[in-house]
Amino acid sequence: MSESNLAIRMLHDRVLVDVDAAVGERRSGGGILIPATVKMGRRLSWAKVVAAGPNVRSVEVDDAVLFDPEDRAEVELQAKSYVLLRERDIHAVASTAAADGGTGLYL
């Protein structure tokens, strides 16, 4: 989904992301489902960028980004929930390019 399909235009350094519905569920190395109610340390989440403001420099639409789920604001657009972040709240961007030194991430 591109920004033109949304009924919203992002301003300044804001980024709108779509979080996977199964973000609360985790599996152990052996495949056991760990419910979201289990208290764990601070855990970051992955999401897909669906829109970005004009002052966003490091993130593009369709990038996968890593963010802290406690630093977020939720918004509902066209009966779907999204998360609104500032660019500075994004910790990393997943890279598909081979020029990233083999790490798969750039900060």
Side-chain angles (χ1 to χ4, degrees):
M1 177 182 293
S2 69
E3 187 173 2
S4 61
N5 294 340
L6 296 175
I8 193 169
R9 181 172 49 102
M10 304 306 297
L11 300 176
H12 309 295
D13 66 340
R14 301 304 196 272
V15 178
L16 191 68
V17 297
D18 184 13
V19 180
D20 185 13
V23 72
E25 296 181 353
R26 294 182 295 275
R27 293 198 178 266
S28 69
I32 298 172
L33 180 66
I34 302 170
T37 57
V38 173
K39 183 67 176 167
M40 296 185 74
R42 187 171 172 184
R43 185 176 180 96
L44 300 177
S45 296
W46 286 100
K48 179 183 172 187
V49 176
V50 295
N55 295 340
V56 175
R57 296 181 293 175
S58 303
V59 179
E60 297 177 3
V61 174
D62 291 331
D63 280 349
V65 295
L66 188 65
F67 72 99
D68 185 353
E70 294 181 10
D71 296 335
R72 70 183 196 175
E74 293 187 21
V75 63
E76 187 172 318
L77 297 170
Q78 300 173 349
K80 184 163 170 59
S81 292
Y82 296 96
V83 174
L84 182 64
L85 302 168
R86 288 180 181 253
E87 184 179 20
R88 68 179 181 212
D89 294 332
I90 296 173
H91 296 279
V93 179
S95 174
T96 57
D100 63 1
T103 63
L105 296 175
Y106 63 89
L107 299 176

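Side-chain atoms are counted along with the backbone in the values below, which use heavy atoms only and exclude waters and symmetry mates. Values in this document were obtained by computation on a predicted structure and should not be read as measured data.
- Taking the side chain as every heavy atom from C-beta outward, Val49 and Val93 never approach each other to under 4.5 Å.
- Across all non-hydrogen atoms, the minimal contact from Asp63 to Ser58 is OD2-O, 4.4 Å.
- Without hydrogens or angle criteria, Glu74 side chain to Ser81 main chain gives no donor-acceptor distance under 3.5 Å.
- By the salt bridge (charged side-chain N to carboxylate O under 4.0 Å, His left out) test, Glu76 is found to be paired with no residue, residues two or more places apart in sequence or in another chain being considered.
- For the salt bridge (charged side-chain N to carboxylate O under 4.0 Å, His left out) test, residues two or more places apart in sequence or in another chain that qualify with Asp18 are Lys80.
- In this structure, NE2 on His12 lies 13.5 Å from CD on Glu87, to the nearest 0.5 angstrom.
- Closest approach of Ala51 to Met10, counting heavy atoms only: CB-CG, 3.6 Å.
- The CG atom of Leu85 sits 10.5 Å away from atom CG of Asp13, with the distance rounded to the nearest 0.5 Å.
- When each of Val56, Val50, Val83, Asp89 is paired with Val15, the side-chain contact (heavy atoms from CB on, under 4.5 Å) condition holds for Val56 and for no other.
- For Asp68 (side chain) and Glu70 (main-chain N/O), a donor-acceptor pair under 3.5 Å exists by modelled atom type.
- Closest approach of Val19 to Phe67, counting heavy atoms only: CG2-CZ, 3.8 Å.
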